[in-house]
Peer 1: 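First the structure, which I've put down as structure tokens, then a few questions once you've had a look.
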Amino acid sequence: MTEQHNVTPATDWWRDAVIYQVYPRSFADGNGDGMGDLAGIRSRLPYLRDLGVDAVWLSPFYASPQADGGYDVADYRAIDPMFGTLPDAEAVIADAHHLGLRIIVDIVPNHCSDQHEWFRRALAEGPGSVTRERFHFRKGRGQNGELPPNDWESIFGGPAWTRVPDGEWYLHLFAPEQPDFNWDHPAVQDEFRSILRFWLDLGVDGFRVDVAHGLVKAPGLPDMGHGEQLRLLGNQVLPFFDQDGVHAVYRTWRAVLDEYAGDRIAVAEAWTPSAERTALYLRPDELHQAFNFHYLNTGWDAASLRAVIDASLEAMRPVGAPATWVLSNHDVVRHRTRLGGSLDRARAAALLMLALPGSAYVYQGEELGLPEVTDLPDEVRQDPSFFRANGQDGLRDGCRVPLPWSGTAPPYGFGDAGTWLPQPADWAPLTVASQAGDPDSTLELYRAALGLRRTHPGLGAGDTVEWLDAPDGVLAFRRPGGLICTANTTGAAVKLTERPGRVLLSSLPPSHLSTSRHLLNTTGDYVVAADTTVWWEE
Ligand code: GLC
């Protein structure tokens, strides 16, 4: 054990926590090589404390050839030299705890890197070896085994199988450099419980479980049916996604987490067909939270948002898990761009999310109102799905551009040298330094909102929202403690029949309140401006 927890030992801290995602390559560069690292993260922890988040989730920083931005892990107990050393990781955990921040690390159990020792041995020891049983090796179909063993496709495009020189094929649901583990094998199960303990002993407060829905495959690895996969992905249980057998794994993981004091948690990245199936991962003896991708995938439209909010809360209630809310992460187009490009709308979406009961995830840079970078030249791209096309959109680099911290030109204080992906030339007004202290800025809006979540715990509390009557295109709901949230998702100002209370916070920049988009119009009616969310105190 290294550093003890300095954070409040309150139980259930995670039920309404705001958790900030750091993508280490792109957060802050401590050694001036153009790549973010643990030293950079450590130096910016006070920024995260001042932002007002409760916990930080770090995407992978483990030893990795970086075929998929570190989601191809070669050694789960070692730090990649590009990010630093194990003592650097310990220092991040210790400093975070001193600042009252919790640390969640990514764990990648569905697959490893093709450079992982187990896979290298499996390749070297050949067909029939016990080391091959830890992965999914099969003979091919066709007369000479020249066809893949089944028709599954990689999520990144192309077949989910790669043939090795001795003629066998191995399964990889993602890139060929990411062989899938065989979770029926006890050695795999034991190894991951041991990895969990390794990081829990170092003091981490929890895990984000990568591809949590993928570990268990249907017996016999049955075909999907030609051309069916893309249509069914996310809409139905598949032979490799969301199999019921996966829950037995998480029951054993929960037992490990519960051995440790301090409410250590796990959050599932589980793509399932419905909120009800997501809830199965969150039964009391399984994981604590799951990302709400159904919410992330909902457009900026009051009726659809209300439906997904109700469905999410409803689905979580029987298992007693908090709902979670997320707008952006390292795999999707940043929400400012996805919702149409307007900063007003991105700010309104953030205030809506932060008024909902449960836990919220904030992706680095959304607090700066960063847009997606849509014009990266092909030669700088690194996302493996870009190179394998036809699977995912292949455009995940645009949300991974290094953060702008200060200054008027790249690298905008990210580090001393360049950046591994180029930053746009017009990001000077978006830096932390230029936004800090400016009440109109998106950074100050997030700071104010997160501050209010602390002084008004009702904002994240409970498992219900009390809907209020509202004009078309507007959401209005009451939260415990006499707080009302109104979100106008339309492109026009909307008149409210009565004033909900005193304005606590509006997503409209304060200086705009004195313009035509005033909350109180000239005739004295209460008006919520277009694409604006307001928190009111009754
Ligand atoms: C998850 C990660 C993504 C990665 C994939 C394969 O979806 O979020 O970045 O490419 O898993 O590990």
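In what follows, residues are counted from 1 in the order of the sequence shown. Whatever order the structure lists them in is the order used to number ligands and atoms, beginning at 1. Because the structure is predicted, anything quoted here is derived from the model rather than measured.
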Peer 1: Verify the distance criterion only: is there a donor paired with an acceptor across the side chains of S194 and R77 at less than 3.5 Å?
Peer 2: yes

Peer 1: What distance do Q21 atom CD and Q364 atom CD have between them, rounded to the nearest 0.5 Å?
Peer 2: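 Rounded to the nearest 0.5 Å, the CD-CD separation comes to 7.0 Å.
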
Peer 1: Around atom CD of E117, are there more than 12 heavy atoms from other residues, nucleotides or ligands closer than 6.0 Å?
Peer 2: no

Peer 1: Taking A175's backbone N and O only, do any of them form a donor-acceptor pair with Q178's side chain (distance below 3.5 Å, no angle check)?
Peer 2: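 Pair found, side chain donor or acceptor close to backbone of A175.
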
Peer 1: So if I count the atoms of ligand 1 from 1 in the order they appear, which ones are less than 4.0 Å from some heavy atom of R396?
Peer 2: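 It comes down to these atoms of ligand 1: 3 (C), 4 (C), 9 (O), 10 (O).
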
Peer 1: With heavy atoms of H111 as the reference, note each atom of ligand 1 found under 4.0 Å away.
Peer 2: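 Matching atoms, with element in brackets: 6 (C), 12 (O).
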
Peer 1: Considering distance alone, does some N or O of D210 sit under 3.5 Å from an N or O of ligand 1?
Peer 2: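 Between D210 and ligand 1 (N or O atoms, distance only) the closest approach is under 3.5 Å.
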
Peer 1: If you count the atoms of ligand 1 from 1 in the order shown, which ones are under 4.0 Å from a heavy atom of R208?
Peer 2: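 Matching atoms, with element in brackets: 2 (C), 8 (O).
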
Peer 1: Would D397 and Q382 count as a side chain to side chain donor-acceptor pair (under 3.5 Å) if you check the C-alpha gap in whole Å, the side-chain angles of each, and the deciding distance to 0.1 Å?
Peer 2: CA-CA 7 Å; D397 290 314; Q382 302 211 6; over 6 Å; no

Peer 1: In terms of atom number and element, which parts of ligand 1 are under 4.0 angstrom from non-hydrogen atoms of D68?
Peer 2: 4 (C), 5 (C), 6 (C), 10 (O), 12 (O)

Peer 1: When you look for heavy atoms under 4.0 Å from ligand 1, do you find them on the side chain of F156, its backbone, both, or neither?
Peer 2: side chain

Peer 1: Going by heavy atoms, is R400 under 4.0 Å from ligand 1?
Peer 2: yes

Peer 1: Decide if atom CZ of R120 counts as having more than 12 heavy atoms of other residues, nucleotides or ligands within a radius under 6.0 Å.
Peer 2: no

